[in-house]
Colleague: 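Below: one structure in structure tokens.
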Amino acid sequence: MEIIASAPGKTILFGEHAVVYGEPAIAGAVNKRATIKLKESDKGVSIFKSDDLGFEAELNTRTKKYTLKKGRPGIINYILEILSKFHDHSPIEIDLSLDIPIGSGLGSSAAVTVATLAALFKYQKKEFNRSLLAKKAHEIESSVQGIASPLDTRVSTYGGLIYLSRDKKIAKFNTNLKSSFVIGYTSKRGNTGRMVKSVKALKTKYPDIVNPIIEAMGQITEEAKLAIVNKEEYKIGALMNINQGLLDSLGVNTNELSRMVYLARKAGATGSKITGAGGGGSIIACCPNTQDRVFKAINYHDHAIKVNFSKEGVFVK
Ligand code: MEV
């Protein structure tokens with residue numbers, strides 16, 4: 001029996017960094033996914049492979065070690081962690097298809113983790129629901145990374161656009177925002193822990209200046225919530241631009257991110273900003289009728305990917 005499970009990547013639209021200090025945030029699942037095919041292995045050993053990423057490895061699920069047959073599997077620690085925690089070590093074969101670029105800030109590790117857990121639980125005929133999946137996936141991300149935002153695994157499990165309120169309650173948007181977005185990223189990855197610490201240091205040094213900036217970011221997210229419900233793409237873009245200025249003032253911008261932000265606007269994006277922690281990483285641009293142009297402009301120097309928000313969370317069959 002072969003199980004197929006799939007989970008989406010995500011992006012943060014508003015509220016990164018401010019959310020650390022209790023301000024609201026908006027994030028959403030995108031139409032780029034990780035898909036896992038899982039079946040019993042007839043080779044007497046567990047195998048993890050991906051044609052998309054060009055690797056194959058034999059796994060020792062007891063020792064969490066692996067032997068490479070081909071390529072370099074960046075994502076393998078998540079699979080080993082899942083199998084060592086939740087599997088009985090009988091040989092299985094896991095095949096990953098991924099249309100979320102690794103390092104693009106689109107939460108590839110969360111999507112792979114959620115899809116793998118869903119496939120494994122179904123294979124084991126275990127009773128599970130989305131709430132359990134989101135919880136277990138967050139535990140796996142936390143043990144592999146040391147620190148992980150529950151937002152990534154949550155969005156990847158449930159799909160859709162979500163609003164995280166000040167008291168950490170999650171509400172799903174009841175809107176079908178059809179807008180097109182472009183994600184831009186370079187090969188320079190950001191370090192979330194370091195960026196969160198540097199914002200904290202700035203806040204401690206200049207509280208009277210930085211606190212109102214963080215509050216203003218929260219206010220932007222509140223305005224954006226209304227703009228999203230009313231599908232006001234120009235307003236969403238304008239709010240993204242203001243948010244970008246504030247993120248820059250917190251020191252999380254880089255030359256590369258700035259270049260992509262301005263290229264996107266020049267190519268017709270209604271707005272563009274850093275998405276995620278910054279200091280490397282990625283930007284997001286709102287491009288209602290200009291997705292191709294913005295994609296080409298960014299992809300000339302850096303990497304770009306076209307995305308739309310998607311209601312579809314994890315599924316398994
Ligand atoms: C990183 O993707 C988002 C931050 O707000 C950190 C976090 O919320 O965990 C910078």
Side-chain angles (χ1 to χ4, degrees), residues 8-30 32 78 100-114 134-135 137-157 161-170 181 183-186 188-204 210-211 213-222 224 240 243-254 257 260-261 272-284 305 307 309:
K10 71 95 201 38
T11 182
I12 299 180
L13 197 48
F14 290 99
E16 49 275 274
H17 287 293
V19 74
V20 174
Y21 303 100
E23 295 297 335
I26 295 172
V30 295
K32 302 287 166 204
Y78 297 87
I100 309 164
I102 289 180
S104 62
L106 284 173
S108 54
S109 66
V112 170
T113 302
V114 170
K135 188 164 167 273
H138 179 238
E139 280 171 23
I140 295 291
E141 285 235 302
S142 303
S143 46
V144 175
Q145 295 167 200
I147 171 172
S149 165
L151 214 56
D152 286 21
T153 35
R154 172 104 203 185
V155 172
S156 191
T157 305
L161 260 175
I162 61 140
Y163 167 82
L164 180 75
S165 70
R166 286 192 171 78
D167 55 4
K168 299 282 171 251
K169 292 222 170 69
I170 290 185
F181 289 83
I183 302 288
Y185 61 103
T186 67
K188 196 174 155 197
R189 288 180 84 153
N191 179 320
T192 301
R194 196 180 304 146
M195 285 301 112
V196 169
K197 270 195 203 136
S198 82
V199 171
K200 190 170 181 201
L202 201 68
K203 190 174 175 301
T204 307
V210 174
N211 289 342
I213 292 175
I214 286 168
E215 277 164 36
M217 285 173 157
Q219 195 52 43
I220 290 172
T221 303
E222 297 294 358
M240 287 169 76
N243 199 342
Q244 171 63 15
L246 298 180
L247 283 165
D248 197 352
S249 76
L250 295 184
V252 301
N253 203 0
T254 64
L257 292 170
M260 293 190 287
V261 158
S272 53
K273 63 179 274 294
I274 291 165
T275 173
S282 36
I283 67 123
I284 180 163
I305 179 163
V307 298
F309 286 104

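Just so you know, ligand 1 is whichever comes first in the structure, and atom 1 is the first atom listed for that ligand. Only a predicted model underlies this, so the values are computations on that prediction, with no experimental measurement involved.
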Colleague: Within the protein, flag every N or O under 3.5 Å from an N or O of ligand 1, and note the pair and distance.
Modeller:
residue	atom	partner	partner atom	Å
ligand 1	5 (O)	His17	N	2.9

Colleague: With the side chain counted from C-beta on, respond yes when Glu139 and Thr153 share a heavy-atom pair under 4.5 Å apart, and no when they do not.
Modeller: no
Colleague: Less than 4.5 Å apart, side chain to side chain, heavy atoms only: is that true for Lys273 and Glu16?
Modeller: yes
Colleague: Going by side chain to side chain donor-acceptor pair (under 3.5 Å), name the residues that satisfy it together with Ser165, two or more places apart in sequence or in a different chain.
Modeller: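 Partners of Ser165 under the side chain to side chain donor-acceptor pair (under 3.5 Å) test: Asp167.
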Colleague: Taking only residues two or more places apart in sequence, or in another chain, which ones meet Ile26 in a side chain to side chain contact (heavy atoms under 4.5 Å, CB included)?
Modeller: Leu13, Phe14, Leu161, Tyr163, Phe173, Thr221, Ala224, Lys225, Ile228
Colleague: Are the side chains of Lys203 and His17 in contact, using a 4.5 Å heavy-atom criterion?
Modeller: no
Colleague: Side-chain donor-acceptor pairs under 3.5 Å in residues 102-114, sequence neighbours left out?
Modeller:
residue	atom	partner	partner atom	Å
Ser104	OG	Pro101	O	2.6
Ser104	OG	Leu106	N	3.4
Ser109	OG	Glu141	OE2	2.6
Thr113	OG1	Ser109	O	2.7

